[in-house]
Amino acid sequence: MESRVASSNEPIITLAGKEYPYEELSDPAKQLVAAIRASEEEMKSIRNQLALMDVGRRALVAQLRLAVENPEAFQRLQNSEASQEA
């Protein structure tokens, strides 16, 4: 589903390549449009949350790599972070 505004500022819903003026839709159809829009917003929010989680995961992987490949440097990093928290 795609929505846009026609030149007359009337919202248009495009469904399967066919255009429908929003104001001509039945109330149940308008409720479905609202539900689809809410779903799309929620999906966008979840994608943003996943992107943030991926950044955190990458940081953890980088720390793990350091802990495995250079334990002394990792320990110094841990000690430095602990002293900053105190």
Side-chain angles (χ1 to χ4, degrees):
M1 183 193 84
E2 180 182 320
S3 61
R4 66 179 181 82
V5 176
S7 59
S8 64
N9 290 334
E10 180 180 332
I12 300 292
I13 303 298
T14 304
L15 186 60
K18 190 170 179 184
E19 294 185 346
Y20 303 90
Y22 178 79
E23 292 305 320
E24 293 180 15
L25 297 177
S26 66
D27 287 341
K30 287 179 183 178
Q31 290 173 352
L32 289 168
V33 168
I36 291 168
R37 288 180 176 158
S39 175
E40 289 171 346
E41 285 299 314
E42 187 66 23
M43 290 169 59
K44 181 179 176 182
S45 175
I46 289 170
R47 279 192 296 271
N48 289 338
Q49 289 176 3
L50 285 171
L52 289 173
M53 291 170 72
D54 188 51
V55 169
R57 181 188 165 282
R58 288 173 190 256
L60 291 169
V61 169
Q63 287 184 12
L64 174 60
R65 184 174 178 189
L66 182 62
V68 169
E69 294 177 356
N70 192 341
E72 297 82 18
F74 180 74
Q75 188 60 46
R76 285 192 303 271
L77 178 64
Q78 294 297 306
N79 292 340
S80 172
E81 290 176 356
S83 68
Q84 289 178 358
E85 290 177 2

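Between A73 and L66, the closest heavy-atom pair is CB-CD1, 3.9 Å. Closest non-hydrogen pair, L25 versus K30, comes out as O-CE, 3.4 Å.
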Side chain to side chain contact (heavy atoms under 4.5 Å, CB included) between E41 and S45, intermediate numbers included: CA-CA 6 Å; E41 285 299 314; S45 175; over 6 Å; no

As a quick check of understanding, evaluate side-chain hydrogen bond (donor to acceptor under 3.5 Å, both in side chains) for N79 and Q75, giving each step before the final call. CA-CA 6 Å; N79 292 340; Q75 188 60 46; 3.1 Å; yes

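A continuous path of Ile, Leu, Val, Met, Phe, Trp and Tyr side chains, each step under 4.5 Å between heavy atoms, connects I36 with Y22, placing both in one hydrophobic cluster.
Pairs passing the salt bridge (Lys or Arg N to Asp or Glu O under 4.0 Å) check and including a residue from residues 61-74, sequence neighbours excluded, read R65-E69.
Residues D54 and L50 are not in side-chain contact: their nearest non-hydrogen atoms beyond the backbone lie 4.5 Å or more apart.
In this structure E40 satisfies the side chain to side chain donor-acceptor pair (under 3.5 Å) test with no other residue, sequence neighbours excluded. With sequence neighbours excluded, no residue forms a salt bridge (Lys or Arg N to Asp or Glu O under 4.0 Å) with E42.
E85 contributes atom CD, which lies 10.0 Å from atom OG of S80 (distance to the nearest 0.5 angstrom). With values rounded to the nearest 0.5 angstrom, K18 atom NZ is found 14.5 Å from I13 atom CD1. Once rounded to the nearest 0.5 Å, the distance linking CG of L32 with OG of S26 reads 8.0 Å.
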